Structures are given as C-alpha cells and as structure tokens.
Protein chains: 2
Amino acid sequence: MARISIRDVAIHAGVSVGTVSNVLNRPNLVAEATRERVQASIGELGFVRNETARQLRQGRGHILGVVLPTMSNPHFTEVGRAAEEAMNADGFDALWCTSDGSRAKEQRCLDFLEEQNVSGVLISPLDLDEDRVAELHGHGLAVVLLDRVGVRVCSVGADHRAGGALAARHLLTRRHRRLLFVTGPLSARPVRERHHGAVRAALNAGLTERDLTTFEQAEMTAAAGQAAAVRLLTLDPLPTGVFCANDLLALGLVNELVRAGVKVPAEISVVGYDDIDLAATAVVPLTTVRQPRAELGRTATELALAETGDPEHHDHRQVVLSPELIVRESA
Amino acid sequence: MARISIRDVAIHAGVSVGTVSNVLNRPNLVAEATRERVQASIGELGFVRNETARQLRQGRGHILGVVLPTMSNPHFTEVGRAAEEAMNADGFDALWCTSDGSRAKEQRCLDFLEEQNVSGVLISPLDLDEDRVAELHGHGLAVVLLDRVGVRVCSVGADHRAGGALAARHLLTRRHRRLLFVTGPLSARPVRERHHGAVRAALNAGLTERDLTTFEQAEMTAAAGQAAAVRLLTLDPLPTGVFCANDLLALGLVNELVRAGVKVPAEISVVGYDDIDLAATAVVPLTTVRQPRAELGRTATELALAETGDPEHHDHRQVVLSPELIVRESA
DNA sequence: GCAAGATCGTGAATCGTTTCAAGGTACGCT
DNA sequence: AGCGTACCTTGAAACGATTCACGATCTTGC
C-alpha cells in the first residue's frame with residue numbers, strides 16, 4: 001500500500017539512491033549492467049516517480065496552467081487543446097482551470113496554480129486585473145494573456161476589432177442597411193472590441209446610429225441566441241443583417257429564426273464569430289469570422305515556454321493574429 | 001524573484017518556522033498577537049504556500065484527477081464541472097486530463113496523475129484496461145469509473161441499455177417500423193450498450209433485422225452526423241425513425257436532413273442521446289435521452305472522496321443512474 | 001512562595017527527489 | 001611500480017513544508 005520510493009528501488013537493486021536517480025535522469029552516466037538491474041527493479045516494484053518531490057527539489061514543475069472562462073464553448077477548449085499539444089511536445093503538461101464566469105473563481109484558479117508551483121500561466125482573463133498579473137509575474141511565473149494585451153507580459157490574441165469590421169463589412173457588401181448586433185457582456189473586452197469594430201465599420205459605410213440595434217445578452221450561449229431571435233422578431237422594421245458575437249449565439253439565433261419561418265439568409269442574414277466546428281454543420285452553414293485557434297494556443301505556449309526558459313532577458317511580445325472571414329450560406 | 005518560503009516569513013516576523021506553519025494550519029494554537037504579526041508578514045512578503053512541499057510531507061495532495069475522452073463534447077465537460085464543484089466543496093481540486101480518443105494518451109494521463117500524487121482518479125475510460133486500474137488502485141489511489149462498471153472499484157454510470165431502449169421504444173410507439181441506428185465506435189462500451197438496448201427493444205416489439213440499419217461512425221461529432229444523413233438519404237426504402245448515439249450526431253444529422261428538404265419529424269423522426277444544452281435550441285428541438293450529468297459527476301466525486309477518506313474498510317459501490325426520455329419535437 | 005497546569009513557541013526530523021563533490025576501480029602507459 | 005585517465009558509484013546536502021516532543025513562560029490555588 002505504501003508508495004514505492006526511489007529508496008526502495010535502490011535497496012532492491014542493491015545500489016544507492018543516487019544511482020537510481022541517475023538511471024532515471026542521466027542514464028548515460030550509468031553502466032549498462034547496473035542500469036538494467038535498476039530498470040528491472042523499477043518494473044518489478046511498480047515504482048512511479050513522485051513528481052511532487054522532484055518539483056520541490058528542482059524549483060518549478062514542468063507544468064503550465066491554462067485558465068479559461070468556460071469549458072462549454074468549444075472555441076476555448078480547442079485553444080486549450082492546441083496549447084496543451086505544444087506543451088507536451090516540449091515535455092510540459094497542462095493544468096486546466098475554469099473561471100466559469102466568476103471573478104472569484106478566477107482568483108481561486110490563479111491561487112491554486114501558484115500553489116501548485118506551475119512555471120507559467122496562459123490565461124484568458126474575464127476582466128484583466130493588472131495587479132494580480134504583476135504579482136504572479138513578480139513571483140516568477142511566466143504569464144501569457146490570451147485575447148487581451150497587458151502591460152509588461154506577453155500576450156497573444158486575435159484582432160477583434162478587425163474581426164468585427166470584417167463581419168459588418170460583409171453584411172454591408174450584401175446591401176444590408178439595417179443591422180442588429182447581438183453581443184455578449186460588453187464588459188468583456190474582446191466582445192466589446194468586436195462590437196466596436198462592427199459599429200465603426202457600419203458608420204464608416206454611411207449608416208447612422210438609427211440603422212443599428214444592439215442586444216447585449218448576459219450569456220453567450222445558444223439559448224441566449226434563441227432569446228435574441230425572439231426579441232429580434234418584435235423589432236420594427238426588422239433588421240436584415242445580424243452579427244453575433246460568437247457562433248453559439250448565432251446558432252441559437254438562426255435556429256430560432258428558421259423555426260419561425262424566416263428564411264436565412266434570404267430575409268435575414270447572420271454572421272457569427274469563432275468558426276467552431278458546429279458552424280459548418282448548422283442548418284444554414286454559418287458565415288463566420290474564424291479565429292486562428294490552433295495558432296493562438298500554440299503561440300501562447302511558445303511565448304510562455306520562451307519566458308520560463310530564459311526569464312532574465314526576455315522581452316515581452318504582443319502577438320496579434322488576424323481573423324479571417326469564412327463565407328458559408330448564412331450571409 | 002526567488003520564491004518566498006515559510007522560512008522567510010518566519011525571519012520577517014521574528015518567529016520560528018514551526019510557528020508560521022501553525023498559523024497556517026492550526027491558528028488556534030498561536031497567541032493572537034503572534035498570529036497577527038505572522039499574518040502581516042505573510043501579506044507583506046506576498047507569501048504563497050508551496051503546495052508541492054506540503055503534499056510531499058503529507059503524503060497525498062488534495063487533488064482528484066478527472067480523465068475525459070474529449071473536451072469537445074459538452075456532455076463530458078459538464079460531468080466534469082459537476083464533479084469539480086463537489087470536490088471544491090470538500091477542499092479538493094480537480095486536475096483535468098483528456099485522452100483525446102487515444103489509448104496511448106489515456107495512459108499518459110494516468111501516469112501523469114499518478115506522478116502528480118493525486119489521491120484519486122475519476123475516469124471515463126475509452127476501453128477499460130482492468131490491469132491498469134488495478135495497478136492504480138494498488139498504488140493507493142481511489143479510482144471511480146464513469147460510465148463503466150469494473151471489478152473491484154467504484155463506478156457510476158447511467159444505464160445505457162435502458163437509455164437505448166427508451167429511445168427505440170419511443171420511436172416504436174410513434175409507429176416507426178424502419179429504423180436507423182447511427183452509432184459511434186461499437187468498441188466503446190456505452191455506445192455498444194445504447195445500441196444493444198435499442199436493437200433489443202426493436203426486436204422485442206416485433207421488428208426484424210431487416211427493419212434495422214446501423215451506421216457505425218468513427219467519430220461522434222456533428223460532422224459525422226451530417227455524413228450519416230447524406231448516407232441515410234441513399235437508403236431505399238428510407239428509414240422513418242433514427243436513433244443517434246449522441247446529440248452531436250443527431251444535431252448534424254437533423255440539420256442535414258432539414259437542408260435536404262426532409263421534414264423532421266414528419267418524414268423522419270430523430271432521437272438523440274445526452275441532452276446537451278444545444279439539444280433544446282436546435283432547429284428542431286431534439287427529443288433525446290437525458291443523462292443525469294450533474295448527479296453523475298457529483299456522485300463520482302463522493303465515491304472517490306469516501307474512499308480516500310477511509311481506504312481500509314471501504315466497499316466499492318456500483319451506482320447506476322436512470323436515463324430519462326426528454327420528448328421535444330424531433331420525434 | 002511554590003507546585004501544578006495551561007499556554008505558546010521552538011527546532012529537529014521527515015517526506016522523495018536531484019545534484020554534486022568525492023571516492024573506487026580498472027586500465028593503459030611510461 | 002607508479003601515475004594519470006576514464007568511468008561508475010556513493011553519500012550527504014538541499015528543496016519547503018508539517019509535525020511533535022520538549023522547553024519556556026505565565027497562571028492559579030493553596
């Protein structure tokens with residue numbers, strides 16, 4: 001029942017603990033015969049390295065924290081997956097945390113990660129707390145902000161303003177003149193930027209405030225999108241083009257419109273954001289703004305790893321990636 | 001830059017490390033004045049407990065691993081979320097791992113968790129490796145199987161056979177006599193059981209093998225569901241009732257059918273499985289078999305915690321929960 | 001004024017690793 | 001024989017916390 005330690009292995013193999021450790025970490029220093037004997041003992045006893053002790057000795061674990069606002073939106077889990085893959089390739093592991101939309105939970109995640117002695121954190125913050133980030137950073141953790149630029153840390157994100165503009169301009173080229181923007185909470189910066197980008201583009205194209213309506217939904221889920229559709233249908237005159245701040249909203253909205261007998265895109269066109277897998281298989285395949293998810297995750301990991309690798313002279317980079325309009329059928 | 005340790009705090013506050021530890025863990029043993037002084041130093045220095053060292057000393061961390069086959073299916077992330085909530089309530093934290101459909105990755109997850117010294121693991125195994133489970137268990141970890149019963153460990157799952165039967169019987173009561181079953185890989189037990197349950201129910205109701213078609217999709221995604229729909233439409237005669245092994249498949253399938261001009265449920269009825277959030281907001285709100293997700297996760301945590309609490313005389317329980325048919329519009 | 005408790009604080013041992021200076025052996029070379 | 005080199009192996013000192021037996025100091029009661 002008691003856990004097998006390196007010491008047990010050493011005794012069993014008739015060598016010192018140092019040698020067992022060498023077999024584990026620098027096998028080339030150990031004579032072949034010895035090495036095999038030790039390996040055999042390891043197998044026989046079912047020894048599993050205690051990473052906890054190893055970390056303690058080594059200072060920091062080979063672990064990066066990943067803090068996401070939710071696991072229910074495939075966009076985020078995919079970014080995380082790409083990040084994790086990149087870590088694994090470098091011998092690091094991911095520690096996933098979810099803030100679940102709560103600032104308090106987000107703090108708990110960060111505390112947890114810091115206590116767990118991770119060497120860095122990739123975080124998609126709800127609402128950037130610069131001080132907390134500085135603190136983390138001061139404690140020697142590499143911090144990479146996802147979708148948010150911060151002072152004095154690395155960050156990687158897509159250009160949401162450009163993305164919003166992309167969506168709006170697409171609707172405008174299709175001659176839509178009455179637009180509805182269905183956003184999430186504007187307190188969240190990426191959401192706000194998508195919205196501003198879209199509004200700006202519309203205004204630049206000669207539309208006026210009166211041509212624009214905004215629904216600010218509390219959640220960015222399909223259910224919220226559905227609710228938005230219901231509300232949309234009470235508008236008079238009806239908008240002909242809708243931009244949703246993410247695909248989940250767009251999916252719920254389109255579904256409800258179709259159910260109500262509205263033809264998409266003939267009567268109302270809809271553009272989403274993110275290009276999650278579900279977008280392509282929707283009833284009306286969704287025209288949407290694709291975020292370079294895999295690149296986002298991968299780059300975030302790279303930045304974090306670069307910083308942990310050489311914290312001394314590391315200059316923080318702000319990587320901003322370009323979103324891409326994916327035209328399908330909904331607009 | 002160097003991490004602040006309990007020793008630094010002790011020096012700063014002019015006490016011994018033992019006292020600082022007491023402030024942290026048994027504050028009642030420390031005089032109020034001292035306690036406050038230490039607390040002040042902790043705040044001032046920005047001390048963060050090194051959970052790694054604590055774990056080393058204490059034997060096992062207050063962490064439970066959660067191994068899921070994918071983060072892209074909301075069903076699993078929701079189960080995980082419920083499990084995590086229950087852990088948090090008991091002072092435990094969750095360590096999330098994804099096997100991503102690969103047996104090898106699953107092994108890596110388990111190795112990782114064991115090295116991390118977690119005190120237990122909740123696992124939704126791809127394909128149960130009894131030996132590995134026994135090994136984990138032998139190493140003193142509490143193991144709880146999700147959706148799979150195993151020998152000599154706790155498990156909690158829904159009754160998939162009953163769920164499959166529920167779905168099939170619903171189609172049968174609606175007078176469907178030509179059924180299509182769109183399943184995932186039948187090598188996965190829960191999938192197989194859903195299928196068997198459905199087939200059995202159909203046969204019992206007097207249908208023959210010739211009335212039943214099965215598509216075994218490699219993935220259980222909306223894209224796979226879409227592909228299944230395309231193939232479905234080549235069938236002659238067309239089935240009138242379809243049971244999909246999960247909601248993602250069903251969603252993709254329904255969407256494609258609707259796109260092709262097929263009326264759901266009038267011409268073809270579809271039943272899904274899981275009742276993920278998206279099911280309710282689909283174009284044709286999905287009739288589906290709900291799994292008690294929250295209860296599943298919560299119960300799994302409870303079982304694991306019970307075992308870690310008192311490993312000596314703990315009898316392993318096999319909890320099986322009942323699925324429930326949710327009738328909406330698709331069938 | 002003193003013994004017996006009660007109340008606090010200390011310091012060393014410990015958890016399982018890694019690391020590294022130092023010790024052994026064997027071998028070849030002069 | 002003596003010495004230098006290579007090659008292996010050892011043992012002890014960390015890492016940062018917790019725990020616990022033991023002192024030190026203060027009360028209290030007689």
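Every chain is numbered from 1 and lettered A, B, ... according to where its sequence line falls, protein lines coming before strand lines. The figures here come from the full heavy-atom set of this structure, side chains too, leaving out hydrogens, waters and symmetry mates. It should be emphasised that the depicted structure is a prediction, and the values quoted were computed from it without experimental measurement.
The ring pair (Phe, Tyr, Trp, His ring centres under 6.0 Å) check on B:F92 picks up B:H62, with sequence neighbours excluded. By the side chain to side chain donor-acceptor pair (under 3.5 Å) test, A:N22 is found to be paired with A:R26, residues two or more places apart in sequence or in another chain being considered. The salt bridge (Lys or Arg N to Asp or Glu O under 4.0 Å) check on A:E51 picks up A:R54, with sequence neighbours excluded. Applying the side-chain contact (heavy atoms from CB on, under 4.5 Å) test to A:R298 and every residue at least two apart in sequence or in another chain returns A:A86, A:A294, A:E295, A:E302. Among residues two or more places apart in sequence or in another chain, the side-chain contact (heavy atoms from CB on, under 4.5 Å) test is passed with A:R57 by none. Checked against ring pair (Phe, Tyr, Trp, His ring centres under 6.0 Å), B:H316 has the following partners two or more places apart in sequence or in another chain: B:H137, B:H314.
DNA chain D is contacted by A:L29, A:V30, A:A31, A:T34 of residues 27-35 of chain A, taking any non-hydrogen atom closer than 4.0 Å. Listed by residue number, there are no residues of residues 107-120 of chain B with a heavy-atom contact under 4.0 Å to DNA chain D.
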Acceptor/donor pairs from residues 74-82 of chain B side chains to any protein atom, 3.5 angstrom cut, sequence neighbours excluded:
from	atom 1	to	atom 2	distance (Å)
B:H75	ND1	B:R293	NH1	3.4
B:H75	NE2	B:Q291	NE2	3.3
B:T77	OG1	B:P74	O	3.1
B:E78	OE2	A:S72	OG	2.9

Table please: side-chain donor-acceptor pairs of residues 28-40 of chain A below 3.5 Å, with sequence neighbours left out.
from	atom 1	to	atom 2	distance (Å)
A:R35	NE	A:P27	O	3.3
A:R35	NH2	A:V30	O	3.3
A:R37	NH1	A:A13	O	2.5

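Proximity of a side-chain donor or acceptor of B:R49 to a complementary backbone N or O of B:I6 within less than 3.5 Å is not detected. In terms of modelled atom types and a separation under 3.5 Å, the side chain of B:S124 and the main chain of B:L68 share no donor-acceptor contact. Checking side-chain atoms of A:D100 against main-chain N and O of A:S102 turns up no donor-acceptor pair under 3.5 Å.
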What string of B, S and - do you get for nucleotides 10-21 of chain D, 5' to 3', if B is base contact, S is sugar-phosphate-only contact and - is no contact with any protein heavy atom under 4.0 Å? BB-BBBBBBB--
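A nucleotide of DNA chain C counts as in contact with chain A when one of its atoms lies under 4.0 Å from a heavy atom; the first and last such, 5' to 3', are C:dG16 to C:dT19.
A salt bridge between A:D111 and A:R132 is present, with a side-chain N of the basic residue lying under 4.0 Å from a carboxylate O of the acidic one.
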